[in-house]
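Quick note on labels: first sequence line is chain A, next is B, and so on, each numbered from 1.
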Amino acid sequence: MKIAKVYINQTNFSMDRPFDYLIDREMESLIAVGQRVMVPFGYGNKPLDGVVVDIIDFNAGESNGYKLKKVLGVVENYPVMSCEQLKACEWLQSNYHAFFMDNVNAYFPGTLNIKTKKDSDLKTRFYLDFKIKETIQYSLACEYRDLSLDQVLELTPKNAIKQAEILKYLYTGPKTREELKEVIINPNQAIKSLLTKGILLEAANKESYVHPKKLIKKPDLTPDQKNILSEFSNSVDRVSLLHGVTGSGKTEIYLNMMEEALEQGGTCLYLVPEISLTPQTINRITERFDQKAAVIHSRISDKDKVRQYLEIDKKEIKIIIGARSAVFSPFRDLGLIIIDEEHENTYKSQNRPRYDTIPLACKLAEFFNAKVVLGSATPSMVSYYKASIGAYRLLELPNRINCMEMPRTEIVDMREEIKDGNRSFLSKALYSRIKDRLDKGEQTILFLNKRGYYSFVFCRSCGYVIKCKKCDVAMTYHGKTNKMICHYCNHTRSVEDTCPECKSNKIKYSGSGTERVQALLEKYFPAARVLRMDTDTMKKKDSVQKTLELFADKKADILLGTQMVTKGFDFENVTLVGVLLADLTLNFPDYRSSERTFQLLTQVAGRAGRGTKRGEVVIQTYDPGNYVINHAKCHDYKGFYDKEISFRKTHEYPPFSRLFYVGFAGDDMKSVKKDCESYHRQIKVELEKRNQNILIKDVYPPSPSGIIRINNRYRYYILIKTSRIKEFNDIIRAVNFSDETKKIKSTMIVDVNPNAVF
DNA sequence: AGCACGCCGACT
DNA sequence: GTCGGCGTGCTC
Ligand SMILES: [Zn+2]
Ligand SMILES: [Zn+2]
């Protein structure tokens, strides 16, 4: 007899370990490591699914008479988890303190439900439920797609108003019935009639696959690009860091690297920070290769997710493009992972499992003997440090292609502006340059760092700030809907006319930073067409892409936005970039605020002058001597890096240490505090046990979170900043599974190198 | 997550 | 005395 070690599909501390089950002799040939099985669990012997992580021989003598239960059956008839994937799950478990089954589940599309049925031989069988509802999309029939909108509208009778509405809407692209219903009331009858006339086409949603008709030919490479590519092909290094200034042709290099990997039969994984913000990059990849590519993002239908999953699993797809969760694709022959804009913080998962994509990708590459390429114009401090000590191969592209010059940058001291009596958000320099571009018909991007620029609602009579009832934060006013919203729990409230505190009517409402700036821009430049791009205006599905298309088609003069406008878009007619207030992210209380600001400034500056004309950048600030701003002005990455890395070293911040954040939340403040203190005490005890008492200096005492209450739950945390990673990984694991910790009622999270600590 | 076991107060 | 409240702990 054999024993299967099974992780059961429950995610909590007490079940984050394998359980032993006997394998019936007749089932032995059916069960392998990596397979999903059903096992009886608990007093009720409830059938639960789990994953086999090991199979060992059963020795009756060793069992101590302990009664073992038997595996009930298999879910699939093949192992769903490869041994590389299982190793990755284990690695995440020990390095990120993520539950094993959270890691396993990250590999599965959410809705693979397991069903039971009795077979004719009366044996219970388990199978996957594939009954996932189809998403049907409606689009204009092919033969009418080249017509103008007016011509299309002539296809239906004049009195068919609803049909015309539908056609008008569908002219912008395929839509589902639900989307049509949002815009057009009761469209069913009209859709039916359009379908019978053959004007509309009904098709299952396939938008997650991109298989283009026309392929774009490979352009000639510059000598710089050729050098980099040959250095890369000849190197045996596992990880390479491609540091290329904005506009240096990094994407073309990625495409060539992918071509080589595909020729060798490897699967390519191309990761981007956010799918919706990178339509241009995705198009370039799919236009280049004459094969199916899977684009993995959160908005595709469950059915497509399952289909994609199975096709990647069967090696039918060799190109996978996606955001961070795509590292959990079921590839079996990984050849290359490209991580574009590797400095972006979206690569760190903020939810369970709380992994960091870059180390995970490197680990996967190790298991598969594949290569990883990290690319950025502004590499993260961590990555560049690793390259500088030789852990990564450094590939550098210091010049823009076609001898394009880097934009000219000017720093404007806003204090001088105030001295001169200019109290507006636009300096004279930026104002005159915007005016100049408007006259010349060139475009401008204006960047407003969002943080700190939320508009809260307060009473000018007594100073009372309206706060969320469930959270310890101020409500934000939303001009468009005339409502207040809490950004932490999404609670919305209508506005009040009088101050709840002093009953005066001097309550002040003003729109968000971008909203206000947009209104002012329209006042200063009445003729200018201003597009706004921020999280508020970009909530709808295709709005990002539409805004970008409008701007690319020169249907607007100014693109005003938050962090979103700094991403790698390529607009040839943009010759001016303005940073309205560089200080906003600089003063944020986080050890990475300098790094983040440098990245934002450099990236947004890189949007200028991508066509034939040289770009200009204006950075407005109250702190013109700041080294971050000045290094960004000179496009001096190395200078900034040297300064910043010495700061990290003296203060022992990453890459010279690792941060462990242990957070506690619950509805009773006192018990949350108590739980947090208990955890802290246990860390001390564990250190004493190991004769490492001095390391307590690395453990910050329990403290209330910056925002103590969110959604009526109080929050406390412990922070550990240490270079003794092995020790603290062991200690955290020991404490997590201790008897004392079992008494902790608060929800507890461990986040390794979190994006934000508060 | 469930479900049993057990320790305490209220109700026949 | 015993019924049931839920807090605590275990499940291969
Ligand atoms: Zn008041
Ligand atoms: Zn709230």
Side-chain angles (χ1 to χ4, degrees), chain A residues 1-28 30-75 79 81 86 89-90 93 97-106 108 110-116 124 126 129 351-353 664-668 670-679 681-682 713 733-750:
Chain A
M1 290 277 263
K2 300 230 182 237
I3 290 177
K5 298 217 167 263
V6 179
Y7 266 96
I8 288 158
N9 197 0
Q10 298 282 328
T11 45
N12 56 58
F13 284 105
S14 45
M15 291 193 58
D16 194 32
R17 64 190 170 92
F19 288 82
D20 291 357
Y21 283 92
L22 279 173
I23 304 176
D24 249 345
R25 229 172 267 289
E26 63 205 68
M27 227 182 268
E28 248 170 46
L30 299 173
I31 297 177
V33 169
Q35 208 146 354
R36 287 211 288 182
V37 290
M38 298 298 284
V39 290
F41 191 74
Y43 298 94
N45 283 328
K46 196 183 164 186
L48 293 175
D49 65 300
V51 172
V52 179
V53 293
D54 200 5
I55 294 176
I56 56 168
D57 285 321
F58 173 65
N59 284 324
E62 280 173 28
S63 71
N64 286 336
Y66 195 74
K67 27 110 199 159
L68 288 182
K69 292 179 187 175
K70 283 179 183 173
V71 176
L72 296 173
V74 294
V75 181
M81 298 291 288
L86 287 175
C89 292
E90 265 166 41
Q93 184 187 36
H97 305 279
F99 297 134
F100 189 86
M101 284 312 282
D102 268 339
N103 307 333
V104 170
N105 288 331
F108 293 103
T111 43
L112 284 179
N113 294 319
I114 296 160
K115 287 277 160 84
T116 337
T124 310
F126 303 97
D129 181 20
N351 310 313
R352 279 168 41 189
F664 301 81
D667 28 63
D668 176 48
K670 280 212 178 85
S671 48
V672 174
K673 185 164 184 263
K674 229 181 71 209
D675 289 344
C676 192
E677 283 162 354
S678 148
Y679 198 98
R681 216 171 23 247
Q682 290 187 71
R713 290 166 67 76
R733 193 149 178 94
V735 175
N736 282 350
F737 291 91
S738 77
D739 291 343
E740 275 302 296
T741 302
K742 279 186 190 129
K743 290 185 191 125
I744 286 179
K745 279 290 164 53
S746 317
T747 36
M748 213 176 87
I749 62 159
V750 180

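- A/D16 and A/Q93 form a side-chain donor-acceptor contact under 3.5 Å, judged by distance and modelled atom types alone.
- When only modelled atom types and interatomic distance are considered, A/Y679 and A/N736 share a side-chain donor-acceptor pair under 3.5 Å.
- Taking A/N105 as the reference, A/N9, A/M101, A/F108 meet the side-chain contact (heavy atoms from CB on, under 4.5 Å) condition, with sequence neighbours excluded.
- Going from atom CD1 of A/I8 over to atom P of C/dC10 covers 16 Å, rounded to whole Å.
- Following rounding to the nearest Å, A/N45 (CG) and C/dC10 (P) show an atom-to-atom distance of 18 Å.
- Under a 3.5 Å cut-off, the side chain of A/S738 and the backbone N or O of A/T741 do form a donor-acceptor pair.
- Atoms CG (A/N9) and P (B/dA1) sit 12 Å apart, rounded to a whole Å.
- In this structure, A/D668 atom CG and C/dG7 atom P are separated by 13 Å, rounded to whole Å.
- Checked for salt-bridge contact, A/K5 and A/D20 meet the test: a charged N lies under 4.0 Å from a carboxylate O.
- Side-chain contact of A/T747 with A/R713: a donor-acceptor pair under 3.5 Å is present, judged by distance alone.
- Across all strands, A/T11 comes closer than 4.0 Å to no nucleic acid atom at all (heavy-atom distances).
- Aromatic ring centroids of A/F19 and A/F41 lie under 6.0 Å apart.
- For A/K67 and C/dC12, the NZ to P distance is 5 Å, given to the nearest whole Å.
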Produce the list of close N/O pairs, under 3.5 Å, pairing protein atoms with atoms of nucleotides 2-6 of chain B; give distances to one decimal.
residue: B/dG2; atom: OP1; partner: A/K46; partner atom: NZ; Å: 3.4

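- Heavy-atom neighbours of A/K69 NZ from other residues, nucleotides or ligands within 6.0 Å: above the threshold of 12.
- Here the P atom of nucleotide B/dA1 and the CG atom of A/D102 are 12 Å apart, to the nearest Å.
- If you take NZ of A/K742 and C1' of C/dT11, they are 12 Å apart, rounded to a whole angstrom.
- The aromatic rings of A/F13 and A/F737 lie perpendicular to each other, with more than 60° between the two planes, well past the 30° mark.
- Nucleic acid contact class of A/K745 (heavy atoms, under 4.0 Å, all strands): sugar-phosphate only.
- With C/dC12, B/dA1, C/dG9 as the choices, the nucleotide that has an atom nearest any side-chain atom of A/K743 turns out to be C/dG9.
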Considering only nitrogen or oxygen atoms on both sides, find all protein atoms under 3.5 Å from nucleotides 3-5 of chain C and state each distance.
none

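- Nucleotide B/dA1 holds its C1' atom 14 Å from the CE atom of A/M101, rounded to whole Å.
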